[in-house]
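For reference, the structure discussed in these notes is given below.
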Amino acid sequence: MKSMWHAASLIIALPLVLLGANRAQSRVGADLIVFKEISGKKIAFVRDLLALNTPQDDRPSQVDSPRKSVRYAEVDLDDDGTPEVLLAVADAYHCGSAGCTVYLYQKRGERWTFVTPIWSDPGDLLVLGRSDKGYRRLIHIYEDTNADRPGKDGVYPRHYELLSWTGSGYSYEPVTFETFTRETTP
């Protein structure tokens, strides 16, 4: 099984151009979110963010080694000019049978707030140009490694989910490859 932390490369052929340390942009109207390792001052920052959505009793053990278990990305999902923070956490507390969770945080004034968990399967996450209720749409692409066996090419079936903002979180809708292509084409 591929690691969630495997380099965030698309499993379909989209031409990518690197735009910065935390994301790459395709030429077809979608940004690929690239999660990076954390170090230095970001370790304390990440622990503070995770404390916002972790019960008080569980905080001492929530992230034993952030350098190994947390990946970090910034992307402006609400187009306010301030990037939100996405934390992908892979440890015993934040992972389960469905995978590991990615959390969304937003800066409001001088304070960071927990917004919502986004998804819990390994795979790639694209940010689309279209928005719903003030937040940009996302597409989650992942391989179904729970399938009976891979295809003739050795690759497991790919699945696509369109994530639309509801006002308090993202709703998930399975989509076809054709819908994926339509959503990522400007």
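Sequential numbering from 1 along the given sequence is applied to the chain's residues. Predicted model only: the values in this text are computed from it and were never measured. Hydrogens, waters and symmetry mates play no part in the numbers below; they use all other heavy atoms, side chains included.
- Between Glu178 atom CD and Phe180 atom CZ the span is 11.5 Å, to the nearest 0.5 Å.
- The structure places CD of Glu183 at 5.5 Å from CD1 of Ile139, a figure rounded to the nearest 0.5 Å.
- When side chains are defined from C-beta on, Leu32 counts as touching Asp124, because their heavy atoms get closer than 4.5 Å.
- Leu104 has its side chain out of reach of Pro117: every pair of non-hydrogen atoms, C-beta onward, lies at least 4.5 Å apart.
- By the side chain to side chain contact (heavy atoms under 4.5 Å, CB included) test, Glu110 pairs with Lys107, sequence neighbours left out.
- For Phe35 and Tyr72, the ring centers sit 6.0 Å or farther from each other.
- In this structure, the side chain of Thr179 does not engage the main chain of Val175 through any donor-acceptor pair within 3.5 Å.
- Interatomic distance, CG of Leu50 versus CG of Leu87, reported as 5.5 Å (0.5 Å rounding).
- In this view, Asp132 and Arg137 satisfy the salt bridge (Lys or Arg N to Asp or Glu O under 4.0 Å) rule, not counting sequence neighbours.
- Side-chain atoms of Glu84 come within 3.5 Å of backbone N or O of Leu77 as a donor-acceptor pair.
- By the 4.0 Å N-to-carboxylate-O rule, Arg136 lies too far from Asp76 to be salt-bridged with it.
- A donor-acceptor pair under 3.5 Å is formed between the side chain of Thr113 and the backbone N or O of Gln106.
- A distance of 11.0 Å separates OH of Tyr105 from CH2 of Trp112, quoted to the nearest 0.5 Å.
- Expressed to the nearest 0.5 Å, how far OH of Tyr160 lies from CD1 of Ile141 amounts to 6.0 Å.
- At a threshold of 4.5 Å between non-hydrogen side-chain atoms, the residues Leu86 and Val75 count as touching.
- By the 4.5 Å heavy-atom criterion applied to side chains, Leu163 and Tyr135 are not counted as neighbours.
- Contact between Cys100 and Val89 at its shortest, heavy atoms only, is CB-O, 3.1 Å.
- In this structure, the separation between CG on Leu126 and CG on Leu138 is 8.5 Å, given to the nearest 0.5 Å.
- For Tyr156, there are no ring-ring contact (aromatic ring centres under 6.0 Å, His included) partners at least two apart in sequence or on another chain.
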